[in-house]
Asks: 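Before I ask anything, here is the structure I am working with.
Convention: sequence-line order gives letters A, B, ...; per-chain numbering from 1. Values in this document were obtained by computation on a predicted structure and should not be read as measured data.
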Protein chains: 2
Amino acid sequence: MPECLALPASKRAALIDSSRLMQIAAGAPLPDGVDVACLLSGRLAVLKPMPDGRGHIVGLPGAGAVLGWTAGAGNGAATNGYDITALEPCELALLDRGLFCDLLQTLPDLEQRLIAQVLDEAEAARDWLRLLAQPKVTDRLAGFLMMLGRELMPGDGVLHIPFRRADLASYLGTRKETLSRAFHQLEAEGAIRILDPAAVQILQPALLEDMAGLDAEDPPAPI
Amino acid sequence: MPECLALPASKRAALIDSSRLMQIAAGAPLPDGVDVACLLSGRLAVLKPMPDGRGHIVGLPGAGAVLGWTAGAGNGAATNGYDITALEPCELALLDRGLFCDLLQTLPDLEQRLIAQVLDEAEAARDWLRLLAQPKVTDRLAGFLMMLGRELMPGDGVLHIPFRRADLASYLGTRKETLSRAFHQLEAEGAIRILDPAAVQILQPALLEDMAGLDAEDPPAPI
DNA sequence: CGCGTATTTGAATGAAATCAAAGGAAGTGG
DNA sequence: CCACTTCCTTTGATTTCATTCAAATACGCG
């Protein structure tokens with residue numbers, strides 16, 4: 001049970017009574033009309049809509065995330081201007097906004113945790129920034145695989161990539177052809193093994209980490 | 001006076017009594033030891049420290065921003081793990097953490113505004129993401145100038161660029177030589193005029209906007 | 001003026017985008 | 001079960017763009 005629902009028993013019971021459970025299949029979008037919701041399991045992708053119709057990935061919230069609590073009642077709903085889709089089969093608890101807001105008033109602790117969650121999201125967005133500032137496509141892909149795997153990987157190192165090539169290319173600031181070559185270059189270097197277009201096995205995480213972040217640029221300053 | 005300090009008169013007087021005014025010169029870093037502070041005027045740059053010693057720009061807070069209120073008392077201080085420097089001469093009000101936290105407890109409205117501020121920062125970080133996902137350096141630079149100019153530009157269209165070329169190149173995921181060429185290419189296209197290395201005049205904002213965001217990629221879907 | 005720093009420019013190499021086309025896996029309908 | 005379509009991925013060839021290495025110019029300062 002997600003941390004954000006670690007509430008006093010009586011409050012919690014009331015909230016749970018008022019909630020409905022919702023399942024979302026992998027790849028399916030968050031239905032319209034969802035107001036306040038807590039993600040119980042699975043992982044979502046938050047995409048910022050772009051003029052060209054596609055979206056740009058800006059976050060990958062996991063279990064425990066609370067959606068929609070910051071939006072004004074009714075109008076914004078959980079998506080609040082973003083496209084949200086499930087990367088894996090997800091379970092959501094749909095909550096009553098009134099009850100939830102009451103809880104926020106009476107439980108400063110809960111609000112603290114939700115603020116911390118927002119700060120974490122901002123922090124994650126900044127990690128994405130660092131990733132996208134890598135000049136080389138292969139390095140950006142390495143960083144992406146690390147970020148995706150950090151919380152989304154089973155023990156055997158097999159990582160499922162829940163995006164099509166063209167979309168992933170768009171997120172990483174490149175084109176699908178170049179991305180395909182980057183995958184195969186990582187494989188040639190022994191960092192990963194391509195099982196199928198949507199799954200890779202991470203063989204050398206350390207190698208990926210190296211590529212992802214820490215290239216000294218203009219290191220001089222020699223004294 | 002920033003919105004965040006629009007408080008009931010009595011509370012406000014107490015807070016102001018306890019505050020110290022601090023000036024930061026353009027280019028100077030936020031001194032250590034700053035705990036909770038409100039930016040009264042000017043603009044800061046928030047840089048995420050990187051392994052190579054440089055930082056990566058993650059935000060450009062302006063007047064009204066409150067620093068350090070999310071960190072645990074004492075340890076984190078306002079910077080909270082980031083490098084913060086002044087882009088322009090800045091005025092800060094250094095606040096007493098105890099008083100400020102008391103205010104947070106008693107004024108839910110204030111806390112709401114601060115949360116909104118955090119959400120705005122996250123939103124801004126996502127705009128940076130969109131910007132950095134442009135494959136071409138010239139397009140990224142165009143987007144950067146737009147973002148910088150959105151809040152930081154006087155009426156005459158002359159935009160001061162508060163970064164050195166090498167740093168800006170690092171933020172935009174390229175190298176200083178390429179960045180220099182990108183500037184001159186924008187000038188050749190008539191979008192900007194380079195006054196000196198640290199100042200440009202925006203001649204055609206619309207042209208910059210076009211380059212920055214809205215390139216359809218793989219637009220087909222014909223029928 | 002000479003020196004160090006920052007920006008710019010140039011030429012050659014390397015990487016990515018683009019254009020074009022070839023596999024490959026699912027789905028449909030015979 | 002097999003053509004046949006469709007969508008996606010991969011490969012190949014070419015052009016464009018970015019990086020790298022090297023050097024020139026501009027600026028501030030003692």
Asks: NE2 of A:His184 versus C1' of D:dT10: gap in Å, rounded?
Replies: 6 Å
Asks: Return the value, rounded to whole Å, for the distance between atom CD of B:Gln134 and atom P of D:dA18.
Replies: 12 Å
Asks: If you compare all heavy atoms of A:Leu44 against all heavy atoms of A:Ala86, which two are closest, and at what distance to 0.1 Å?
Replies: CD2-CA, 3.8 Å
Asks: Taking atom CG as the centre, does A:Asp32 end up with more than 12 heavy-atom neighbours from other residues, nucleotides or ligands that are less than 6.0 angstrom away?
Replies: no
Asks: Using whole Å, what does the distance between atom C1' of nucleotide D:dA18 and atom CZ of A:Arg175 come to?
Replies: 15 Å
Asks: From D:dA18, D:dT10, C:dT7, pick the nucleotide closest to the side chain of A:Arg165?
Replies: D:dT10
Asks: Rounded to the nearest Å, what distance is computed from the CZ atom of residue A:Arg181 to the C1' atom of nucleotide D:dC8?
Replies: 15 Å
Asks: Hey, which of these two, A:Lys136 or A:Ile194, hits DNA chain D nearer its 5' end, going by closest nucleotide?
Replies: A:Ile194
Asks: OP1 or OP2 of D:dC17 less than 4.0 angstrom from a side-chain nitrogen or oxygen of B:Thr138, does that happen here?
Replies: no
Asks: Parallel, tilted or perpendicular: which fits the ring planes of B:His56 and B:Tyr171, with parallel below 30° and perpendicular above 60°?
Replies: perpendicular
Asks: D:dT9, C:dC19, D:dA18: which one has an atom nearest the side-chain heavy atoms of A:Glu177?
Replies: C:dC19
Asks: Nearest whole angstrom, please: distance from the P of D:dT10 to the CG of A:Leu186.
Replies: 13 Å
Asks: Are OP1 or OP2 of D:dA18 and a side-chain N or O of B:Thr178 less than 4.0 angstrom apart?
Replies: no
Asks: Mind calculating the distance between CG (B:Leu141) and C1' (D:dC17) to the nearest angstrom?
Replies: 15 Å
Asks: Measure the distance from NZ on B:Lys176 to P on C:dT9 and round it to the nearest whole Å.
Replies: 15 Å
Asks: Say whether, by atom type as modelled, one donor and one acceptor occur between the side chain of A:Arg97 and the main chain of A:Gly68 under 3.5 angstrom.
Replies: yes
Asks: CG of B:Leu179 versus C1' of C:dA6: gap in Å, rounded?
Replies: 13 Å
